[in-house]
Amino acid sequence: MLTIKNLHAEVEEKQILKGINLSVNAGEVHAIMGPNGSGKSSLASVLAGRENYQVTQGEVFFKGLNLLDMSPEVRAREGVFLAFQYPIEIPGVSNINFLKTAIAEIRAHKGLPPLDAKEFLRLSREKQKLVEFDAQLVNRSLNEGFSGGEKKRNEIFQLAMLEPALSILDETDSGLDIDALRIVSKGVNKLRSENNAFIIITHYQRLLEYIVPDFVHVLYDGRIVKSGTKELALELEEKGYDWLKEDTREKATTI
Amino acid sequence: MTTSPSIPLFEEVVNGFNKLSVSGGTRQESSDLRRARQLAFDKFRELGFPSIRDEDWRYTNLARFLKDEFTIEGWEVPGKAVRPDEQLEKKAGIALLDCYQLVLVNGVWDGKIKGGELPKNIQLLSVAEARQDPALSVYFEKQAGWDGHFANLNAALFSDGLFIRVDAGTTIEKPLHIVHIYTSGNNLLVQPRNVWVINRNAELSIIESVVSGGTAKIWVNGLTEIQVHADARLHHTMIQTAGTGVRLIQQTTAHQHRQSLYNNFTFTLPGADLVRNDLQTRLEEDHTETHLYGLYLTAGNQLVDNHTLVDHQKPHCFSNELYKGVLLEQSTGVFNGKVYVHQEAQKTNAFQQNNNLVISKKATIDSKPQLEIFADDVKCSHGSTVGQFSEEALFYLRARGIGEEAAKGLLINAFAFDVTEKIRIPEVEAHVNELISLHIPVNHA
């Protein structure tokens with residue numbers, strides 16, 4: 001579904017990604033871990049199409065299409081979803097209107113007619129229940145006055161509504177208490193299927209106790225330095241990230 | 001002494017006033033009113049048309065609008081109404097709104113009302129009639145607080161408009177929708193004069209819609225004087241959607257008496273070449289409440305200027321003002337918000353905010369809050385911002401599949417929401433939102 005080859009990217013002329021290689025197939029959940037500043041969120045931003053990131057080298061294919069050629073909205077319509085680390089508040093844009101507009105545009109892109117009001121309402125109710133999202137929040141302005149946890153849950157609600165092929169969860173667990181974490185994870189687990197894939201970016205192993213990944217990658221200094229299965233996450237939890245730094249430094253000196 | 005001999009309109013106005021004196025158009029008026037006309041005219045002759053040397057017109061240069069020739073019409077045959085253009089009337093209509101609707105064409109009302117029979121305790125009269133009524137003459141003689149160029153011009157030459165009076169203790173349930181249509185085959189100067197009197201403890205909602213047709217240039221110099229008596233409440237909405245060729249100068253003064261409430265909503269949309277709103281509230285007695293909300297969405301080469309004055313003369317009055325501007329294309333906006341707190345006006349609460357969203361690199365906004373406070377026990381605040389789209393908000397919306405133009409549309413609507421949500425009548429709110437949507441998504445140059 002997603003193939004990243006030798007991806008280099010910079011922001012404000014600072015090299016952030018220094019050759020990422022990653023392949024994600026339908027039905028898989030990949031976790032990307034790593035210390036702060038290693039480039040985890042930058043990778044998410046580049047995939048979603050944030051404009052202040054410049055790709056300097058490499059390529060990304062999504063369902064066989066060149067992802068890097070697409071505007072952020074086209075990526076979303078094709079099925080890429082970024083759950084933001086810091087979802088922003090937009091007073092005056094109602095949550096529900098926002099989702100209606102988004103779904104209409106995604107459906108139009110796929111050549112489908114817009115949902116009528118009844119179908120939309122039914123879908124919205126079903127997904128609210130699925131991800132345990134408060135109906136009162138649905139009718140408010142987009143994230144306005146939401147708590148940190150409510151904002152993250154709204155991201156998952158949007159994910160459920162838009163049914164993307166590839167979901168990138170950017171530190172969705174940060175700022176969540178244990179109950180919110182459980183609800184968010186439960187939502188994601190219900191949405192997992194053999195037709196979609198998830199990239200879960202996280203600093204901690206905690207989230208991976210709830211959303212069990214098929215693969216774990218460690219990102220450090222703009223590169224994936226280690227890949228493995230879920231056991232790797234446990235190892236990281238135990239040892240921290242310092243041993244990685246030692247490891248890469250050694251490699252660098254031996255080269 | 002400043003005169004403007006090179007301005008064709010100035011010549012026309014001088015000739016017009018001289019003709020008015022000899023033609024007998026004011027014969028039935030009281031001698032006091034005729035004297036007031038002469039005084040106002042002398043004052044206008046002295047002042048001439050404003051230029052950017054006048055502080056109140058610093059950012060609004062009229063030179064390019066004053067080049068055209070206009071003729072004066074109306075007062076010679078007072079009360080002669082033109083049949084309203086159905087298309088234009090429809091354009092101004094507010095869907096699903098249960099209201100009394102009346103139409104003024106070039107400031108002249110044909111006497112018809114749609115939406116049912118008016119209750120007995122509200123009186124509507126054409127100004128052509130009212131100004132000849134000795135009992136009402138007094139309302140037209142003084143323009144308290146007005147010493148502006150255009151106010152004097154109107155005071156000298158007005159002929160028609162709408163007189164409204166609501167009896168004490170009466171609440172008029174249905175809003176009154178006044179549709180102003182401006183249309184002409186030749187360049188025209190129209191000077192409507194409105195006088196509205198809301199008596200003690202009465203309540204009324206007025207919605208004004210300004211639309212235009214035809215290809216000629218029309219200069220509208222309107223003057224509305226409002227009395228909101230003790231404990232009375234007036235909710236006043238102005239929706240300006242006049243088209244190109246129209247130069248609209250609208251001066252509105254609300255005199256507020258003890259414990260009265262005056263709500264004003266002013267919406268200016270793309271179209272008219274020039275809009276200048278001078279909105280003044282004179283808080284002449286204590287414990288009044290005033291809310292001024294404004295939204296200007298400007299486009300093309302439009303110049304839209306909102307000058308407001310909240311004049312706190314007495315203690316314990318509350319005023320709140322929020323004006324928002326969205327500036328597209330090559331348009332120019334001006335906001336000048338003056339709050340004047342007299343020494344006597346202790347315990348005043350006066351708040352003002354002006355926020356602007358500049359969409360195009362070629363658009364301009366001049367925002368000037370102006371607080372003059374002479375009392376020491378008051379709470380006053382003001383703020384002014386000029387900004388562009390939030391890149392973060394735009395990216396968030398686009399990351400959900402919403403196209404850039406549609407995302408901008410959502411953000412403009414959201415920006416305007418703070419003002420539109422304050423509209424008390426849902427049908428009017430929907431109408432205004434619809435008008436805003438017509439002009440977005442936008443092509444930003």
Side-chain angles (χ1 to χ4, degrees), chain A residues 44-53 70-110 112 140-144 151 154-155 157-159 161-164 167-168 170, chain B residues 265 267 293-297 322-326 353 355-357 359 383 385 387-423 426 429-430 432-437 439-442 444:
Chain A
S45 292
V46 169
L47 293 178
R50 204 184 271 276
E51 275 163 356
N52 51 339
Y53 285 84
M70 301 176 195
S71 66
E73 55 268 36
V74 173
R75 296 179 196 206
R77 292 170 195 164
E78 285 289 342
V80 176
F81 181 96
L82 172 66
F84 282 67
Q85 183 176 4
Y86 305 108
I88 66 153
E89 302 190 11
I90 311 184
V93 173
S94 87
N95 225 345
I96 211 77
N97 246 342
F98 157 67
L99 277 170
K100 254 183 211 158
T101 312
I103 288 179
E105 296 231 23
I106 291 168
R107 289 180 64 90
H109 184 76
K110 293 178 178 164
L112 297 168
R140 294 239 303 260
S141 270
L142 189 47
N143 291 330
E144 191 187 16
K151 283 180 187 166
N154 195 12
E155 294 293 291
F157 171 60
Q158 291 172 27
L159 195 163
M161 287 293 284
L162 303 183
E163 298 176 334
S167 302
I168 304 158
D170 187 9
Chain B
F265 301 85
F267 299 99
Y293 294 106
L295 179 74
Y296 42 98
L297 176 65
L322 174 64
Y323 266 67
K324 288 195 140 191
V326 179
Q353 186 73 35
N355 306 112
N356 297 283
L357 187 58
I359 310 291
T385 64
Q388 277 131 20
F389 280 120
S390 150
E391 288 299 325
E392 271 302 301
L394 215 47
F395 179 67
Y396 190 86
L397 298 174
R398 294 176 71 191
R400 296 293 176 260
I402 299 172
E404 193 172 352
E405 294 302 300
K408 284 179 177 170
L410 277 175
L411 291 179
I412 291 175
N413 265 321
F415 180 80
F417 176 76
D418 291 339
V419 173
T420 55
E421 68 156 353
K422 301 294 193 309
I423 304 175
E429 185 184 352
V432 170
N433 280 327
E434 179 69 31
L435 289 174
I436 295 169
S437 301
H439 298 282
I440 47 175
V442 293
H444 55 110

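Keep in mind that the numbers below use all heavy atoms, side chains included, and drop hydrogens, waters and symmetry copies. Residue numbering restarts at 1 for every chain, and letters A, B, ... go by the order of the sequence lines.
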Problem - Closest non-hydrogen atom pair between B/A399 and A/A76, with its separation - result: O-CB, 3.3 Å
Handout entry: Side chain to side chain, B/Y396 and A/N143, heavy atoms closer than 4.5 Å
Key = yes
Completion exercise
Rounded to the nearest 0.5 Å, the CD1 atom of A/I90 sits from the CZ atom of B/F415 at a distance of 14.5 Å
Practice task
Check the surroundings of atom CD in B/Q388: do more than 12 heavy atoms from other residues, nucleotides or ligands lie under 6.0 Å from it?
Solution key: no
Problem - Heavy-atom contact with chain B under 4.5 Å, split by part of A/P87 - result: both
Fill in the blank from the handout: All heavy atoms of B/A414 vs all of A/G92, minimum pair found to be CB-C, 3.7 Å
Exercise for the section: Heavy-atom distances under 4.5 Å only: say whether A/E155 touches chain B with side chain, backbone, both or neither. Expected result: side chain
Handout entry: Region of A/Q158 that comes under 4.5 Å of a non-hydrogen atom in chain B
Key = side chain
Practice task
Would you check if the side chain of B/R400 reaches a backbone N or O of A/F81 as a donor-acceptor pair within less than 3.5 Å?
Solution key: no
Practice task
Tell me, out of A/L82, A/V74, A/I106, A/V80, who's got the most heavy-atom pairs with chain B below 4.5 Å.
Solution key: A/L82
Problem - Between A/N52, A/V93, A/N97, the one whose heavy-atom pairs under 4.5 Å with chain B are most numerous - result: A/V93
Handout entry: Interatomic distance, A/S94 atom OG to B/F417 atom CZ [nearest 0.5 angstrom]
Key = 8.5 Å
Practice task
Using the side chain to side chain contact (heavy atoms under 4.5 Å, CB included) rule, take B/E392 and A/R50 through it: C-alpha gap first, then chi angles, then the decisive distance, then the call.
Solution key: CA-CA 9 Å; B/E392 271 302 301; A/R50 204 184 271 276; 2.5 Å; yes
Practice task
Please state whether the side chain, the backbone, both or neither of A/A83 comes within less than 4.5 Å of a heavy atom of chain B.
Solution key: backbone
Practice task
Using non-hydrogen atoms and a 4.5 Å limit, figure out which bit of A/I103 sits close to chain B: side chain, backbone, both or neither.
Solution key: neither
Practice task
Could you tell me which portion of A/R75 (side chain, backbone, both or neither) has an atom closer than 4.5 angstrom to a non-hydrogen atom of chain B?
Solution key: neither
Handout entry: Which portion of A/I88 sits near chain B, non-hydrogen atoms under 4.5 angstrom
Key = both
